[in-house]
Amino acid sequence: MLFGRGACIQLPEKLKALGVKKPIVLTDKGVAHTKIMEDIKQLLIDSNIEFELFDDVIPEPPVSCLEAARAQAFEAGGVDSVIGVGGGSAMDVAKALSLVLKHNDKIHNYMGVNNVQQRGLPSILLPTTAGTGSEVTPIAILTDTETQLKIGIVSQLILPDISLVDPALTDSMPPQVTAATGMDALTHAIEAMISKKTNPYSQALALEAVRLISQSLRQAYQDGSDQHARDQMAAASTLAGMAFASSSCLAVHALAYPLGARYQVPHGQANAMLLAATMRFNAPACQREFSRLANAMQLKPSTPERFLQELEKLTQYLNIPTTMASVGVTKDIIPEMARDACSNKRLMVPNPRSVTISDSEDIYYSIL
Ligand SMILES: [Fe+2]
């Protein structure tokens with residue numbers, strides 16, 4: 001993982017180091033029309049690297065999106081590597097694509113935990129948001145449109161070969177995206193800190209991520225041209241990604257997934273909506289960790305209650321809609337969403353306080 005302004009310039013050199021000749025570049029339509037993609041294409045052209053461009057990655061990417069990218073790569077022929085440029089969606093599809101291109105297999109065979117036997121094609125990821133941390137995590141999330149569930153492919157074998165984390169790629173993020181993705185990173189750090197699977201390595205990364213986010217997220221949201229704030233958020237996002245890669249995300253993510261799968265609420269926004277309410281539920285089991293998090297945020301006094309208030313204040317400051325009604329959720333659908341959330345054992349089991357279906361309903365109702 002290479003970090004710093006200008007890191008993306010090393011893309012051609014790193015492709016050559018990996019011994020590949022024809023990457024497929026995955027991105028979304030939003031990024032495809034920015035200067036970021038112009039510069040990346042130019043870098044490849046200047047280095048005489050032939051490439052294929054797939055710019056149809058969509059948010060909450062369904063399996064059909066992966067299949068479309070696979071079809072394009074087959075049609076082009078000779079694709080020997082994958083580059084993901086974008087937020088979590090583009091990077092997650094890139095990780096999944098590297099597997100199916102290499103092994104010519106169905107993606108469903110890899111879904112779940114540790115169902116990947118061999119690495120896929122060489123891959124390089126370049127994040128353009130400061131949030132998901134997908135560039136350093138062994139996880140790819142796709143949406144199964146039939147079951148309306150988000151499905152994870154979780155395996156160390158899908159980590160990219162190289163990540164180029166260049167904060168300059170995040171400079172043009174609009175304020176709303178800065179806010180939502182920044183709250184995703186904050187959720188990663190907090191969940192990594194309080195997970196039943198946490199460890200000193202994960203906690204050190206999480207606390208530093210929380211410190212950086214509390215210093216810089218408001219500023220990056222207010223003034224996107226503030227490079228220092230952008231740099232700090234890019235670092236925080238990657239640190240938080242590494243933190244939860246070794247200790248897991250928890251109930252906030254499990255409860256947020258049905259909002260993404262059923263209502264297409266952007267992942268970061270869905271987490272932001274649920275973060276404070278779920279942490280209030282977790283509070284009896286996390287008093288010590290919340291004090292440490294409050295301390296990392298330099299809150300006075302560094303108490304669990306002050307920490308919880310800060311989560312609410314920050315969400316409000318970032319103008320993130322916090323009610324379920326604001327995204328179209330009605331009361332009658334909540335029991336189904338609660339069942340979906342609790343079916344995600346990977347995320348619910350390591351939560352520090354056990355979460356029943358009835359608890360999940362209560363958390364949803366509290367933000368209705
Ligand atoms: Fe996340």
Side-chain angles (χ1 to χ4, degrees), residues 28 57 59-61 84 86-96 113 125 127-143 149-154 158-160 163 165 170 173 176-195 197-198 202 205-206 209-210 212-213 217 233-261 263-279 282 311 314-315 318 320 327 340-341 344 346-348 350-351:
D28 58 63
V57 174
E60 318 305 321
S89 301
M91 292 191 282
D92 284 6
V93 175
K95 288 175 184 172
V113 180
L125 301 181
T128 62
T129 64
T132 71
S134 180
E135 69 279 3
V136 287
T137 66
I139 303 163
I141 305 287
L142 298 171
T143 302
L149 291 175
K150 289 217 180 187
I151 306 158
I153 303 163
V154 185
I158 65 166
L159 278 160
S163 290
V165 185
T170 69
M173 250 195 305
Q176 253 187 327
V177 183
T178 302
T181 54
M183 288 301 285
D184 187 27
L186 180 61
T187 306
H188 294 157
I190 293 170
E191 296 208 297
M193 183 74 193
I194 64 171
S195 166
K197 292 158 99 177
T198 198
S202 184
L205 295 163
V210 166
L212 292 170
I213 293 166
L217 179 52
M233 283 306 299
S237 167
T238 300
L239 290 168
M242 290 193 279
F244 87 81
S246 82
S247 63
S248 184
C249 283
L250 312 171
V252 179
H253 273 73
L255 291 161
Y257 279 165
L259 286 171
Y263 295 91
Q264 287 72 53
V265 180
H267 175 67
Q269 182 188 334
N271 279 333
M273 288 169 66
L274 285 152
L275 181 59
T278 310
M279 288 307 144
N282 279 334
L311 298 183
L314 181 59
T315 315
L318 299 171
I320 297 176
V327 296
D340 285 356
N344 196 327
R346 174 175 72 84
L347 297 173
M348 283 301 200
N351 197 69

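First listed ligand is number 1; within each ligand, the first listed atom is number 1. This one's a predicted model, so the numbers in the text were calculated from it and none came from an experiment.
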- request: Please report the C-alpha distance between Thr181 and Thr129 in whole Å, then the side-chain angles of each, then the deciding distance to 0.1 Å, and finally whether the side chain to side chain donor-acceptor pair (under 3.5 Å) criterion is met.
  value: CA-CA 7 Å; Thr181 54; Thr129 64; 4.9 Å; no
Tell me if a side-chain donor or acceptor on [X] pairs with a main-chain N or O of [Y] at a distance below 3.5 Å.
| X | Y | answer |
| --- | --- | --- |
| Ser195 | Glu191 | no |
| Lys95 | Gly84 | no |
| Asn344 | Ala254 | no |

message: If I take every N, O or S atom of His267, is at least one of them less than 2.8 Å from the Fe ion (ligand 1)?
response: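 Yes, since at least one N, O or S atom of His267 sits under 2.8 Å from the Fe ion (ligand 1).
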task: Please calculate the NE2(His253)-the Fe ion (ligand 1)-NE2(His188) angle and round it to 10 degrees.
output: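 About 90°, to the nearest ten degrees.
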message: I'd like the atom name of the N/O/S atom in Asp184 lying closest to the Fe ion (ligand 1).
response: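 Atom name returned: OD1.
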